[in-house]
Q: 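What follows is a structure written as structure tokens; I'll ask about it next.
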Amino acid sequence: MPLLSLRALTRRFGQTLALDRLDLDVAAGEFLTLLGGSGSGKSTLLRVVAGFETADSGAVLLEGRDLSGVPPHARPLNMMFQSYALFPHMNVAANVAYGLRRDGVPRAERDARVGQALAMVGLEGFGGRLPHRLSGGQRQRVALARALVKRPRLLLLDEPLGALDANLRERTGFELRALQRETGAAFIMVTHDQQEALALADRVAVLEHGRVVQLGPPRAVYDRPATRFVAQFLGAANVLEGRPDGAGGFDCPGLGATLRPEGALPPGTAACALRPERIALRPLAEGPNSAEGVVEEVAFRGDDSLLLVRAGGGALLRVGHAEEDGAPPPRGATVRLGWEAASVVPLAG
Ligand code: ADP
Ligand code: MG
């Protein structure tokens with residue numbers, strides 16, 4: 001049985017459908033990232049699971065038990081808010097101890113568990129500090145300690161790394177992953193950062209308009225996006241419009257070329273995705289899966305360059321050019337592009 005099951009969850013705010021008959025299962029001990037654009041329903045989903053928000057219809061089941069009517073503090077899960085929501089007048093130890101105190105955990109045990117939780121997030125010795133005397137990263141850790149101290153089986157994290165700068169963000173991401181392994185709790189972490197979603201998760205769920213449009217291991221979702229939205233949102237793939245040519249290929253007028261995937265082209269294919277880093281500046285095979293274009297822009301990105309290449313039929317392609325392949329061609333150069341059949345991903349919608 002999954003730890004958490006969401007069944008046809010629906011939540012409306014006036015005209016807005018924040019959650020639209022959303023289904024999702026989360027396994028015990030799993031690290032799931034929820035990825036989606038602003039307004040796709042990520043926070044609403046967590047708030048409904050935590051009990052701060054009520055669904056209009058559908059069910060939230062924890063190990064098969066329906067949580068409707070169970071108040072937030074009585075749910076065996078915890079939520080860490082985007083804003084951290086620390087009590088400003090309480091010191092760090094009191095903030096972390098808050099939930100335990102409310103549950104009537106005796107003083108000695110409380111102190112021991114607060115100490116453990118602070119050690120877990122690297123804040124030993126900070127118990128007496130007030131939140132305003134902490135850095136953003138430290139406040140984030142206090143919020144995390146407060147969420148972990150009750151040893152929840154499920155922890156909900158709403159953009160927990162959002163307020164951190166890039167370096168701290170990466171390090172804290174790894175720490176979160178380690179904490180998740182150590183505690184054995186399932187984590188559902190919201191992010192709008194695709195790198196983060198891919199890097200940390202056992203599985204990624206991509207939300208669009210209040211629905212899960214794709215769910216799977218990071219590599220699978222990245223390599224085989226199911227929809228235009230996922231293809232572009234994750235890794236900014238080229239989405240090429242066209243139509244099946246009836247002979248196993250996909251005619252793409254914008255490209256002035258035919259795309260040919262590895263297997264059969266699924267009926268109803270409306271477009272194909274092609275990742276920038278899968279396009280080489282040379283043909284890789286005879287026949288299809290090759291096109292000509294003119295370099296319009298070259299952007300150096302450190303470990304590679306991103307080229308914008310105008311193909312014969314007018315489509316503008318994003319093409320990755322690795323540093324080890326030498327200097328990128330200059331603006332205005334005519335280039336021949338090629339890619340493997342395996343890199344062509346037919347999209348249904
Ligand atoms: P996300 O976290 O993915 O950015 P949210 O879950 O916060 O998205 O919001 C989903 C949609 O529901 C948005 O269109 C948002 O404006 C709307 N929404 C969320 N909460 C409320 C609210 N309390 N009142 C009105 N509309 C809301
Ligand atoms: Mg949000």
Side-chain angles (χ1 to χ4, degrees), residues 3-4 26-34 46 49-50 62 72-73 75-88 90-191 193 196-197 199-202:
L3 176 68
L4 177 75
V26 180
E30 177 173 35
F31 199 129
L32 184 102
T33 50
L34 269 186
L46 293 196
V49 172
L62 202 78
H73 65 86
R75 299 184 178 203
L77 52 84
N78 236 305
M79 177 146 169
M80 181 178 149
F81 293 93
Q82 207 160 1
S83 58
Y84 310 153
L86 300 179
F87 301 113
M90 289 185 193
N91 68 23
V92 166
N95 263 286
V96 176
Y98 182 80
L100 299 177
R101 185 190 290 269
R102 194 182 46 201
D103 288 354
V105 174
R107 175 78 192 256
E109 187 189 339
R110 215 161 66 206
D111 288 350
R113 281 170 66 178
V114 168
Q116 274 170 12
L118 287 178
M120 223 181 239
V121 298
L123 283 180
E124 302 99 325
F126 283 79
R129 289 261 192 117
L130 286 170
H132 74 267
R133 294 196 49 234
L134 298 171
S135 71
Q138 289 168 334
R139 278 201 282 273
Q140 191 262 0
R141 282 151 202 269
V142 176
L144 193 58
R146 189 174 63 177
L148 286 169
V149 77
K150 288 179 73 179
R151 299 176 189 146
R153 274 174 298 160
L154 176 61
L155 186 60
L156 310 171
L157 304 113
D158 196 349
E159 307 217 19
L161 309 179
L164 308 182
D165 64 46
N167 284 326
L168 192 54
R169 215 179 150 111
E170 181 181 284
R171 202 179 79 206
T172 312
F174 279 117
E175 287 169 2
L176 270 184
R177 191 69 175 105
L179 272 176
Q180 186 269 336
R181 271 194 221 105
E182 238 169 77
T183 58
F187 278 26
I188 304 180
M189 183 180 116
V190 163
T191 174
D193 181 322
E196 206 167 273
L200 297 177
D202 294 315

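Because only heavy atoms are used, hydrogens play no part in the values below, and waters and symmetry mates are left out as well, while side chains stay in.
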Q: Any non-hydrogen side-chain atom of Leu156 less than 4.5 Å from a side-chain atom of Asn78?
A: no
Q: CZ of Arg153 to OG1 of Thr183: how many Å apart, nearest 0.5 Å?
A: 13.0 Å
Q: Work out which heavy atom in Ala145 is nearest to a heavy atom in Leu118; give both atom names and the distance.
A: CB-CD2, 4.2 Å
Q: How far does CG of Leu176 sit from CG of Leu144, to the nearest 0.5 angstrom?
A: 5.5 Å
Q: Which heavy atom of Gly173 sits nearest to which heavy atom of Leu161, and what is that distance?
A: CA-CD1, 3.9 Å
Q: Would you list the atom pairs, donor with acceptor, under 3.5 Å between side chains in residues 127-134 and any protein atom, with sequence neighbours excluded?
A:
from: Arg129; atom 1: NH1; to: Arg133; atom 2: O; distance (Å): 3.1

Q: Considering all heavy atoms of both residues, which atom of Ala197 and which atom of Thr33 are nearest to each other, and what is their separation?
A: O-OG1, 3.1 Å
Q: Calculate, to the nearest 0.5 Å, the distance between atoms CG and CE belonging to Leu148 and Met120 respectively.
A: 6.0 Å
Q: Sequence neighbours left out, what passes side-chain hydrogen bond (donor to acceptor under 3.5 Å, both in side chains) with Glu196? Give chain and number order.
A: Arg169, Thr191
Q: Verify, without hydrogens or angle tests, whether Glu30 (side chain) and Asp202 (backbone) share a donor-acceptor contact under 3.5 angstrom.
A: no
Q: With rounding to the nearest 0.5 angstrom, report the CD to CD distance, Glu175 to Gln140.
A: 8.5 Å
Q: Using modelled atom types only, decide if a donor and an acceptor are shared between the side chain of Asn95 and the backbone of Leu86 within a distance under 3.5 Å.
A: no
Q: Is the shortest heavy-atom distance from the side chain of Arg141 to the side chain of Thr172 under 4.5 Å?
A: yes
Q: Would you indicate whether the side-chain heavy atoms of Leu46 and Met79 approach each other to under 4.5 Å?
A: yes
Q: Calculate, to the nearest 0.5 Å, the distance between atoms CG and CD1 belonging to Leu155 and Ile188 respectively.
A: 9.5 Å
Q: Under 3.5 Å, sequence neighbours excluded: what are the donor-acceptor pairs made by side chains of residues 101-109?
A:
from: Asp103; atom 1: OD2; to: Lys150; atom 2: NZ; distance (Å): 3.1
from: Arg107; atom 1: NE; to: Asp111; atom 2: OD2; distance (Å): 3.2
from: Glu109; atom 1: OE2; to: Arg113; atom 2: NH1; distance (Å): 3.0

Q: Please list, chain by chain and in numerical order, all residues satisfying side-chain contact (heavy atoms from CB on, under 4.5 Å) with Ala85, sequence neighbours excluded.
A: Phe81, Ser83, Arg146
Q: With sequence neighbours excluded, what pairs up with Phe31 under the ring pair (Phe, Tyr, Trp, His ring centres under 6.0 Å) test?
A: Phe187
Q: Restricting to ring pair (Phe, Tyr, Trp, His ring centres under 6.0 Å), what partner residues turn up for Phe87, sequence neighbours left out?
A: Tyr98
Q: Can you confirm whether Asp158 sits close enough to Val190 that some side-chain heavy atom of one is under 4.5 Å from a side-chain heavy atom of the other?
A: yes
Q: Is it true that a side-chain atom of Glu182 and a backbone atom of Leu179 form a donor plus acceptor pair closer than 3.5 Å?
A: no
Q: How long is the gap from CG on Leu157 to CD on Gln180, to the nearest 0.5 Å?
A: 10.0 Å
Q: Would you name the heavy atoms of Pro76 and Leu62 that are closest together and state the gap between them?
A: CG-CD2, 3.1 Å
Q: Identify the heavy atoms of Ala147 and Met80 that sit nearest to each other, and give their distance.
A: CB-CB, 4.4 Å
Q: Considering all heavy atoms of both residues, which atom of Ala185 and which atom of Pro152 are nearest to each other, and what is their separation?
A: CB-O, 3.3 Å
Q: In terms of heavy-atom contacts, does CD of Gln138 have more than 12 from other residues, nucleotides or ligands at under 6.0 Å?
A: yes
